[in-house]
Participant: 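Below is one structure. I have some questions about it.
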Amino acid sequence: MKINETKRFISFLLVVVMLFGMMPTTTGVVYGADSKTKQVEVGRQVVLSGEEGNNHSWKIGGDGKAVTLEYLNETAIITGEIAEKSVTVTHSYKNSRNRDVSETWTVNV
């Protein structure tokens, strides 16, 4: 009886792993501030991870309708809205020494 329970449990785990494998994923997900140029397709998302600090703000420059921006602290999610557009995304914050700092990405849709 224990062998059947073990086989069922392993089968269940395989099904769960396969289901997670079929779930849609975002394209161009990048963590860290290593590359400052990102590509995102219309309807897809790219994650920008800025440096840690306080008083975070994110702004879109250029054609602001080309992407939508959602953010929480040092992380922003950019969703492509209009193809063939390029925007700049700027993250401003205060670092651990309480100095104003900003970092900018170019996002191509």
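The shown structure was predicted, so the numbers you read here are calculated from the model rather than taken from an experiment. Values below: every heavy atom of this structure, side chains too, minus hydrogens, waters and symmetry copies.
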Participant: Kindly compute the distance separating OG (Ser96) from CD (Glu52), expressed to the nearest 0.5 Å.
Facilitator: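 Spacing of OG (Ser96) from CD (Glu52) equals 9.5 Å.
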
Participant: When hydrophobic residues are tied together by side-chain contacts of less than 4.5 Å, even through go-betweens, does Trp58 share a cluster with Val101?
Facilitator: no

Participant: Could you check whether any side-chain heavy atom of His91 comes within less than 4.5 Å of a side-chain heavy atom of His56, counting everything from C-beta outward?
Facilitator: yes

Participant: Please identify each residue that fulfils side chain to side chain donor-acceptor pair (under 3.5 Å) with Thr104, with sequence neighbours left out.
Facilitator: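 Side chain to side chain donor-acceptor pair (under 3.5 Å) check on Thr104 returns Thr90.
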
Participant: In Å, rounded to the nearest 0.5 Å, how long is the span from CG of Asn108 to NZ of Lys38?
Facilitator: 11.5 Å

Participant: Side-chain contact test, heavy atoms from C-beta onward, threshold under 4.5 Å: evaluate it for Ile78 versus Thr68 and give yes or no.
Facilitator: no

Participant: Suppose we screen for side-chain contact (heavy atoms from CB on, under 4.5 Å). Which residues come up paired with Leu72, at least two apart in sequence or across chains?
Facilitator: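 Per chain and number, Leu72 pairs via side-chain contact (heavy atoms from CB on, under 4.5 Å) with no residue.
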
Participant: Hey, could you give me the CH2/CG distance between Trp105 and Leu48, rounded to the nearest 0.5 Å?
Facilitator: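 Output value for this atom pair is 5.5 Å.
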
Participant: Would you call Val109 and Val42 a side-chain contact if the rule is heavy atoms closer than 4.5 Å?
Facilitator: yes

Participant: Take Ser86 and Thr106 through the test side-chain contact (heavy atoms from CB on, under 4.5 Å) and record every step on the way to the result.
Facilitator: CA-CA 7 Å; Ser86 181; Thr106 299; 3.6 Å; yes

Participant: With Lys94, which residues qualify under salt bridge (charged side-chain N to carboxylate O under 4.0 Å, His left out), at least two apart?
Facilitator: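 Testing Lys94 for salt bridge (charged side-chain N to carboxylate O under 4.0 Å, His left out), a comparison that skips the adjacent residues, returns Asp100.
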
Participant: Rounded at 0.5 Å granularity, tell me how far CD1 in Ile77 sits from CG in Leu69.
Facilitator: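 Here the interatomic distance stands at 9.5 Å.
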
